[in-house]
Amino acid sequence: MVAGDSAIKLSKLTKRFGDFVAVDNLDLEIAEGEFFSMLGPSGSGKTTVLRMIAGFELPSSGTVQLGADDVTDKAPFDRDVNTVFQDYALFPHMTVLENVAYGLRVRGVGKKEREQQALAALETVQLAHLGSRKPNELSGGQRQRVALARAIVVKPKVLLLDEPLGALDLKLREQMQIELKALQRELGITFIFVTHDQEEALTLSDRVAVFNNGRIEQLGTPEELYDRPVSEFVARFVGTSNVFSADEAKAILGIDSKASVRPEKLRITAATGSAPSDLRIPRAIECTVEESVYLGVAVRIHTKTKAGQRISVLEHDSQQRWQRGESVKVWFEEQDLVRID
Amino acid sequence: MTGGASARTSFARRVSTMLYSRPRTRLGLLLSAPLAWLVLIYVASLAALLVTALWTVDDYTGAIKMEWTFDNIVHVVTGSLYQTVTLRTVGVALLVTVVDLIIALPIAFFMAKVASSRIQRLMVIAVLMPLWASYLVKAYAWRSVLSHDGILAWLLRPLGLDTPGYSLTGVVLTMGYIWLPYVILPLYAGLERVPNSLLEAASDLGAKSFTTFRTVVLPMLTPAIIAGSIFSFSLTLGDYITVNIVGGASQMLGNLVYTNVGTANNLPMAAAIALIPIVIMFGYIAAVRKTGALENL
């Protein structure tokens with residue numbers, strides 16, 4: 001977490017659509033200059049929270065504070081935040097330059113002045129040469145950059161990004177992730193990033209809030225979420241996990257709560273093998289190999305205990321190809337086993 | 001008989017295969033009927049109209065003389081009666097269009113952007129419903145509304161106002177009512193094509209409601225506004241029934257055509273007058289084309 005005053009403070013925020021509670025009594029503080037992600041499956045309430053911060057939705061109850069100001073009832077045009085929309089929402093009848101200059105135009109900035117600033121904003125996203133094009137003459141990635149330039153040209157305190165990379169292909173998405181991170185560092189303003197892609201959230205963020213059913217399931221740094229998930233939902237949604245139900249945990253591991261362990265923390269040896277020497281407090285589970293999948297950078301081995309619990313192991317420097325039906329021991333370090341609710 | 005059925009099937013199949021492999025034949029079959037209609041009935045009758053305007057009428061017998069002359073057209077263009085009536089007709093058509101646009105815009109906006117999908121469906125039906133009723137009934141209904149002991153007088157007199165009665169104002173009100181659905185529907189369709197996120201983006205960037213309307217909605221809606229205005233403007237230009245029913249003594253171009261066809265029995269003159277609204281519409285569409293708005297239709 002970046003130290004500093006809070007840029008956004010949400011208190012007891014609730015949004016109901018008819019009987020459906022989209023956001024349920026949410027408290028959240030986001031610091032100035034922070035890259036904050038709201039991560040969750042669709043329908044988890046993350047986009048509704050973003051829309052309430054932007055002012056497109058009014059909360060059923062609770063307050064939205066921007067810096068020291070209560071903006072709960074203010075219209076979007078009275079809030080010092082700007083949004084990059086999922087569908088980019090570029091004005092089709094305006095050129096790229098006019099799109100970017102729009103925020104300045106409605107603020108009454110003179111034509112010459114606003115075109116200069118818009119051009120500068122286009123330069124930060126490397127599109128200064130396309131200013132005279134219409135949005136429909138651009139590629140998806142270029143539109144994305146124009147939407148970014150249009151939002152940052154008015155120098156908001158907070159930039160809201162609603163699944164901005166969702167429509168881009170994988171290569172472009174990875175490139176844009178790097179650029180977004182660099183842009184945030186350069187501008188020094190708060191970014192609030194909504195995504196359902198856990199990898200994206202982990203890569204980009206200072207802190208991540210994992211949403212489920214209108215509530216924050218867990219809030220923390222990417223490391224905390226990944227290494228210490230507090231619930232089965234987080235363990236499964238952020239990365240992949242081997243989750244043991246309470247009964248299974250008791251039978252297999254001898255502990256009294258649900259537990260989870262990451263596939264890459266597991267090691268595998270022959271049934272007769274001894275513990276890998278680098279494990280300090282090794283624990284072992286006897287399993288049978290069900291399938292072994294070669295992934296290039298690693299091998300994923302799907303195994304099963306006698307009781308039928310599936311355990312997946314990710315080995316990065318595998319010395320050996322395991323055969324289907326082979327008896328093995330799956331090893332892990334006591335401390336890598338995370339007890340969850 | 002199974003044999004016959006399968007023979008028929010295979011014949012249908014052969015025709016289908018033939019059509020499938022010959023896209024030009026397929027297109028020809030598809031378009032021949034509508035094209036024949038368009039060329040023979042529609043274009044040909046327009047051409048006949050133009051030709052008729054260049055003929056004349058025997059003063060004594062009333063028979064049409066197929067002698068080529070520009071007299072009718074010169075007469076219509078230079079005659080002060082025709083000039084006055086043309087200006088009046090264009091004025092009424094413009095007023096009807098403006099009134100309709102002012103009423104239709106908020107209704108269409110409500111339908112497309114505010115109402116729930118259920119209300120939206122109900123409103124589409126409500127807008128279409130008057131089109132199911134006869135034109136004459138609607139015009140006579142307005143005659144009763146506008147009369148001196150009608151509902152409008154009854155409503156307005158306490159406010160110190162009075163019904164406009166049977167006059168050009170009455171014509172504008174009645175036609176504005178009758179053509180309103182033709183203006184609402186294109187505007188509604190046009191607004192449906194403006195994504196909500198664009199309105200949110202404008203607001204997000206600092207534009208207040210009216211600025212959003214002026215800088216985002218209106219430019220994107222221009223083709224729809226033009227489409228709607230073509231309806232209300234051209235339909236008013238050619239109308240004569242409403243004027244007869246609620247217009248009092250006022251005449252519009254349609255009335256002149258009607259009298260020349262009927263009472264005066266001068267078909268060539270009627271044709272010449274009928275060319276005026278056609279020329280005006282061509283002028284309007286040419287002007288619109290110059291602005292480039294038609295390219296976005």
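Residue numbering restarts at 1 for every chain, and letters A, B, ... go by the order of the sequence lines.
Atom CG in A:D78 sits 6.0 Å away from atom NZ in B:K208 (nearest 0.5 Å). For the atom pair B:T215 OG1 and A:R105 CZ, the distance stands at 5.5 Å (nearest 0.5 Å). With values rounded to the nearest 0.5 angstrom, A:F77 atom CZ is found 11.5 Å from B:D204 atom CG.
Atom OH of B:Y284 sits in a crowded spot, with more than 12 heavy atoms from other residues, nucleotides or ligands closer than 6.0 Å. In the displayed structure, A:H196 atom NE2 is contacted under 6.0 Å by at most 12 heavy atoms of other residues, nucleotides or ligands.
Between the side chain of A:R107 and the backbone N or O of B:L205 there is at least one donor-acceptor pair closer than 3.5 Å.
Side-chain contact check for B:M220 versus A:P92: some heavy-atom pair is nearer than 4.5 Å.
Taking all atoms of both residues into account, the shortest heavy-atom contact from B:V216 to A:Y102 is CG2-OH, 3.7 Å.
For A:L90, the part lying near chain B is the backbone, with the side chain staying farther off; criterion is any non-hydrogen pair under 4.5 Å. Both the backbone and the side chain of A:N82 have a heavy atom closer than 4.5 Å to some heavy atom of chain B. With a 4.5 angstrom heavy-atom cutoff, A:R150 touches chain B via backbone and side-chain atoms both.
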Could you give the side-chain donor-acceptor pairs of residues 91-114 of chain B under 3.5 Å, partners two or more places apart or in another chain?
from   : atom 1 : to     : atom 2 : distance (Å)
B:T97  : OG1    : B:A93  : O      : 2.7
B:T97  : OG1    : B:S232 : OG     : 3.1
B:K113 : NZ     : B:L191 : O      : 3.2
B:K113 : NZ     : B:V194 : O      : 2.5
B:K113 : NZ     : B:N196 : OD1    : 3.1

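Screening residues 45-73 of chain A for ring-ring contact (aromatic ring centres under 6.0 Å, His included) gives A:F56-A:F85 as the qualifying pairs, with residues at least two apart or on separate chains.
Looking only at heavy-atom pairs under 4.5 Å with chain A, the residue among B:A202, B:S209, B:S203, B:P195 that has the most is B:S203. Of the listed residues (A:V81, A:V106, A:V84), the one with the most heavy-atom contacts under 4.5 Å to chain B is A:V106.
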